[in-house]
Amino acid sequence: MKVEQLAPDSSRAVTLQAILRAEAEELPFLVVSPAGGGQRIVLLEQGDEALWVGRSPACDVALDTDGQASRTHAELVRAGGDWAVADDGLSRNGTFVGAERVVGRRRLQDGDVISVGESTLAFRAPRSAVAATTLAGDRLPARPDVTPAQRRVLVALCRPLLADPPGPTPASNREIAAELVLSDDAVRTHLKALFERARVADLAQGAKRVRLAEIAIATGIVGRHDVE
C-alpha cells in the first residue's frame, strides 16, 4: 500500500493530477474522502492482500475524523485478480457500495463508490490492471450511469482539466458544442440530465459543472486516455 496525502487546501488541478498519477501506475487504487477532510490516494500494490478500514488509527485506511464509522468497520480483500469489500457485521451503521448495503463480501468494479460512515472510498482499477478521477473532503455519489452521447459531453467537459498543464475550469457550453458539433440547446439538455444523475443539480451553476467533472474523473467515467 502506498499513500499520497493531499493537503486540505489542494487545488482541483492538484487533486486531479494525483488521480492521474495513480492511474499511470496501472494498479488499483482508492480515492479516500474522509469526513472532515484530509483526502488521500491509496495505491493497492501487488503485495497487498487485505486492508482494514475504520475509525481506529490502527486501521490501514484510518477514518479517525468520522464519528459514524466503527473502529473496525470493513475490510478490503484481494479476490483472485480483483478486489472485494467485506462487512461481516462488525460495523454498526453498515457499509454501502452505491446505494446497496454490503452483506458479507462484494466484488468491486472500476468506479464503485464505497460509503463507510460519512466517508467515501472511490475504487479505481485502470483497464490494464483489471486485465492482469472540490473532491477534497466531499462524499462521492455512486458512479452515475450515462449514455454514450452523455459520455461524449463529459469528455468534452473534462478536457481542459485533463490537459497538460491542466486548465483551471471545465469547458464551457460553447466549447462543448463546437467540439461535438451540437447546438447549445442540445448541450444544455445533456448537462441537465447529467447534473441530475450525479446529484449536483442543487449546486450553483458554476459549482455543479466543476463538481460533475470531478465526479466523472474520480469515478473513472472519463480518463486521460479519452483526451489524448
Side-chain angles (χ1 to χ4, degrees), residues 12 15-16 19-20 22-23 28-33 74 76 79 82-85 87 94-116 118-131 133-135 138-162 170-171 173 176-177 179-183 185-228:
R12 295 184 178 92
T15 301
L16 296 176
I19 293 171
L20 294 174
E23 285 185 339
F29 64 94
L30 302 168
V31 182
V32 182
S33 300
L76 293 170
D82 299 321
W83 280 84
V85 60
D87 187 330
T95 302
F96 295 80
V97 175
E100 297 182 9
R101 185 165 185 160
V102 175
V103 179
R105 180 179 293 193
R106 173 168 173 153
R107 192 179 301 272
L108 295 171
Q109 298 181 351
D110 182 40
D112 278 345
V113 178
I114 307 164
S115 295
V116 172
E118 296 182 333
S119 306
T120 55
L121 298 81
F123 175 77
R124 294 297 320 282
R127 295 176 183 178
S128 56
V130 173
T133 5
T134 108
L135 287 177
D138 288 353
R139 286 176 61 94
L140 288 169
R143 179 176 180 167
D145 293 326
V146 299
T147 66
Q150 290 169 343
R151 186 176 179 279
R152 288 193 290 273
V153 170
L154 281 175
V155 171
L157 178 75
C158 297
R159 189 176 299 281
L161 300 174
L162 296 173
N173 284 14
I176 295 171
E179 176 178 334
L180 301 180
V181 194
L182 294 173
S183 68
D185 285 344
V187 172
R188 281 193 291 270
T189 298
H190 283 307
L191 286 175
K192 182 178 179 180
L194 287 164
F195 293 151
E196 293 290 341
R197 292 191 177 198
R199 301 198 305 231
V200 300
D202 292 338
L203 298 180
Q205 183 62 33
K208 62 187 174 185
R209 294 172 63 84
V210 172
R211 182 64 175 153
L212 175 63
E214 292 172 336
I215 290 168
I217 293 171
T219 59
I221 298 173
V222 178
R224 174 160 281 173
H225 59 279
D226 291 308
V227 302
E228 290 178 339

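If you're wondering where the values come from, they're calculated on a predicted model, not measured in any experiment.
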If I compare all heavy atoms of H190 with all of A149, which pair ends up nearest, and what's the gap?
CE1-CB, 3.9 Å
Using a strict cut-off of less than 4.0 Å between a Lys/Arg side-chain nitrogen and an Asp/Glu carboxylate oxygen, indicate whether D145 and R197 qualify as a salt bridge.
no
G223 and L162 have their tightest heavy-atom pair at O-CD1, 3.7 Å
Side-chain polar contacts of residues 98-106 - donor-acceptor pairs under 3.5 angstrom, sequence neighbours left out - could you list them?
| unit_1 | atom_1 | unit_2 | atom_2 | d |
| --- | --- | --- | --- | --- |
| E100 | OE1 | R106 | NH1 | 2.8 |

Reported CG-to-CZ distance for the pair D112 and F96, which is rounded to 0.5 angstrom:
14.5 Å
Taking it one step at a time, do I114 and T120 satisfy side-chain contact (heavy atoms from CB on, under 4.5 Å)?
CA-CA 6 Å; I114 307 164; T120 55; over 6 Å; no
Among residues at least two apart in sequence or on other chains, which ones pass salt bridge (charged side-chain N to carboxylate O under 4.0 Å, His left out) with E179?
R159
Under a 4.5 Å cut-off applied to non-hydrogen side-chain atoms, are L121 and V31 in contact?
no
Contacts of type side chain to side chain contact (heavy atoms under 4.5 Å, CB included), residue A193, not counting sequence neighbours
Q150
Just verifying a value: how many Å separate R107 CZ and D82 CG, rounded to the nearest 0.5 Å?
5.0 Å
Spacing of OG1 belonging to T219 relative to CZ belonging to F123, to within rounding of 0.5 Å
13.5 Å
Closest non-hydrogen contact found for D87 with G94 is OD2-C, 3.8 Å
Scanning both residues in full, the closest heavy-atom pair of G220 with R124 reads CA-CZ, 3.3 Å
At their closest point, which heavy atom of F29 faces which heavy atom of I19, and how far apart are they?
CZ-O, 3.9 Å
Point-to-point distance, once rounded to the nearest 0.5 Å, from CD1 of I215 to CZ of F195:
10.5 Å
Could you tell me the separation between the CG atom of L76 and the CG atom of L108, rounded to the nearest 0.5 Å?
6.5 Å
Do you know the tightest heavy-atom contact between R211 and V200?
CG-CG1, 3.5 Å
Set of residues satisfying side chain to side chain contact (heavy atoms under 4.5 Å, CB included) with respect to D185, sequence neighbours excluded
S183, R188
Who are the side-chain hydrogen bond (donor to acceptor under 3.5 Å, both in side chains) partners of N173, not counting sequence neighbours?
R209
Are V113 and V97 side-chain neighbours, meaning at least one heavy-atom pair lies under 4.5 Å?
no
Of all residues at least two apart in sequence or in a different chain, which pass the side chain to side chain contact (heavy atoms under 4.5 Å, CB included) check with A213?
L157, C158, L161, P170
So how far is it from K208 NZ to R199 CZ, rounded to the nearest 0.5 Å?
16.0 Å
